[in-house]
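Sequence positions, counted from 1, serve as the residue numbers for this chain. This structure is a prediction, so every number in the text was calculated from the model and none was measured.
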Amino acid sequence: MGDYFQTIVDLDAGADEAARLADRAVAWLVTEGIVLAERTGCVLGVPLGHPPGPNWHRAVADDDAEWKPTDGLAVAVGRTVFDGGQGEAEAVTCPRCAATTPLVTDHWDTIDAAWEPFRDAIETWQETGQAEVACPVCAESVPLPEWSWADDYFTFAHLGFTFWNWPEFTPGFQARFSGALGGHRTGLVWGKL
């Protein structure tokens, strides 16, 4: 059946402040009882994470309060490409002209000519933290993190909080989480492995 995840990504955190903000947000989650301070082997992909706390339900809708999370929280600090896991990005939209570029066909075959500039930019961003892609419609060169990906498949940032196998978060929780990050803008990447 797979494992599901939701990653709250801090869109404003710089490399120099990500660790401090991570500590601040985890402290808030612990104070709220949403996760525990102790770290255990409760997450995928990293050795230790924070297990659900006694008040985990404060993050989810009342309708989902019966579905207790089975895994915990992993915190990623440092330049990271956050993605939706299985599958591929379906399309990407230019923030300058709002044109949407399909990246796959109706049969989910990759459109190599459309995908190639983005693939190259993702590799460059991972290495350097800077990359731009020229829009195929308006020809404007746009920083990679500013593009909008279908289903929020990709986000490029220095700080992310991945919750494994939790019910869907409420907008209210996401707003409070943003407050714990000093009012930074956040994005939500969700997916399945």
Side-chain angles (χ1 to χ4, degrees), residues 1-13 18-93 103-104 108 145 147-193:
M1 291 190 46
D3 291 288
Y4 293 86
F5 62 88
Q6 298 172 84
T7 302
I8 296 176
V9 180
D10 186 323
L11 302 174
D12 296 329
R20 177 182 56 78
L21 287 168
D23 291 343
R24 178 177 167 174
V26 170
W28 174 77
L29 289 166
V30 168
T31 299
E32 290 287 310
I34 294 169
V35 300
L36 299 177
E38 69 181 273
R39 292 176 45 195
T40 66
C42 63
V43 294
L44 298 174
V46 295
L48 298 173
H50 297 275
N55 297 327
W56 61 267
H57 52 84
R58 290 183 178 172
V60 305
D62 290 340
D63 295 349
D64 290 331
E66 296 297 316
W67 176 35
K68 184 176 181 180
T70 57
D71 296 301
L73 162 68
V75 181
V77 174
R79 188 181 315 129
T80 306
V81 177
F82 297 97
D83 65 63
Q86 288 183 357
E88 296 185 52
E90 181 178 342
V92 63
T93 302
L103 300 173
V104 295
W108 288 98
W147 287 86
S148 297
W149 297 85
D151 295 324
D152 297 321
Y153 189 84
F154 283 116
T155 301
F156 306 89
H158 296 277
L159 178 59
F161 303 85
T162 302
F163 295 78
W164 287 96
N165 296 310
W166 283 53
E168 185 176 342
F169 295 139
T170 64
F173 170 68
Q174 292 176 58
R176 293 192 316 276
F177 201 101
S178 173
L181 292 167
H184 282 197
R185 292 175 307 126
T186 60
L188 183 68
V189 176
W190 55 271
K192 177 184 174 185
L193 290 183

Of the non-hydrogen atoms in P51 and C42, which two are nearest, and what is the gap between them?
N-SG, 3.5 Å

Find out whether [X] and [Y] are in side-chain contact, i.e. whether some heavy atom of one side chain is under 4.5 Å from a heavy atom of the other.
{"X": "Y153", "Y": "E90", "value": "no"}
{"X": "T7", "Y": "F5", "value": "yes"}
{"X": "D152", "Y": "L188", "value": "no"}
{"X": "L44", "Y": "D71", "value": "no"}
{"X": "Q6", "Y": "F161", "value": "no"}

Taking ring-ring contact (aromatic ring centres under 6.0 Å, His included) as the test, write out the residues that go with W147, two or more places apart.
F118

Name all residues meeting the ring-ring contact (aromatic ring centres under 6.0 Å, His included) criterion together with F169; count only those two or more places apart in sequence or in a different chain, and write none if there are none.
F163, F173

Filter on salt bridge (charged side-chain N to carboxylate O under 4.0 Å, His left out), then keep only pairs touching residues 172-191, sequence neighbours left out; what's left?
D12-R185

Per the salt bridge (charged side-chain N to carboxylate O under 4.0 Å, His left out) rule, what does the pair list look like for residues 164-173, sequence neighbours excluded?
none

Distance-only criterion, 3.5 Å: show the donor-acceptor pairs between side-chain atoms of residues 73-82 and protein atoms not counting sequence neighbours.
unit_1	atom_1	unit_2	atom_2	d
R79	NH1	Q126	O	2.9
R79	NH1	E127	O	3.1
T80	OG1	G78	O	2.8

Expected list for residues 18-40: side-chain donor-acceptor pairs under 3.5 angstrom, two or more places apart:
unit_1	atom_1	unit_2	atom_2	d
R20	NH2	E17	OE1	3.4
R24	NE	A180	O	3.0
T31	OG1	A27	O	2.9

If we ignore hydrogens and angles and just use 3.5 Å, is the side chain of W67 paired with the main-chain N or O of W166 as donor and acceptor?
no

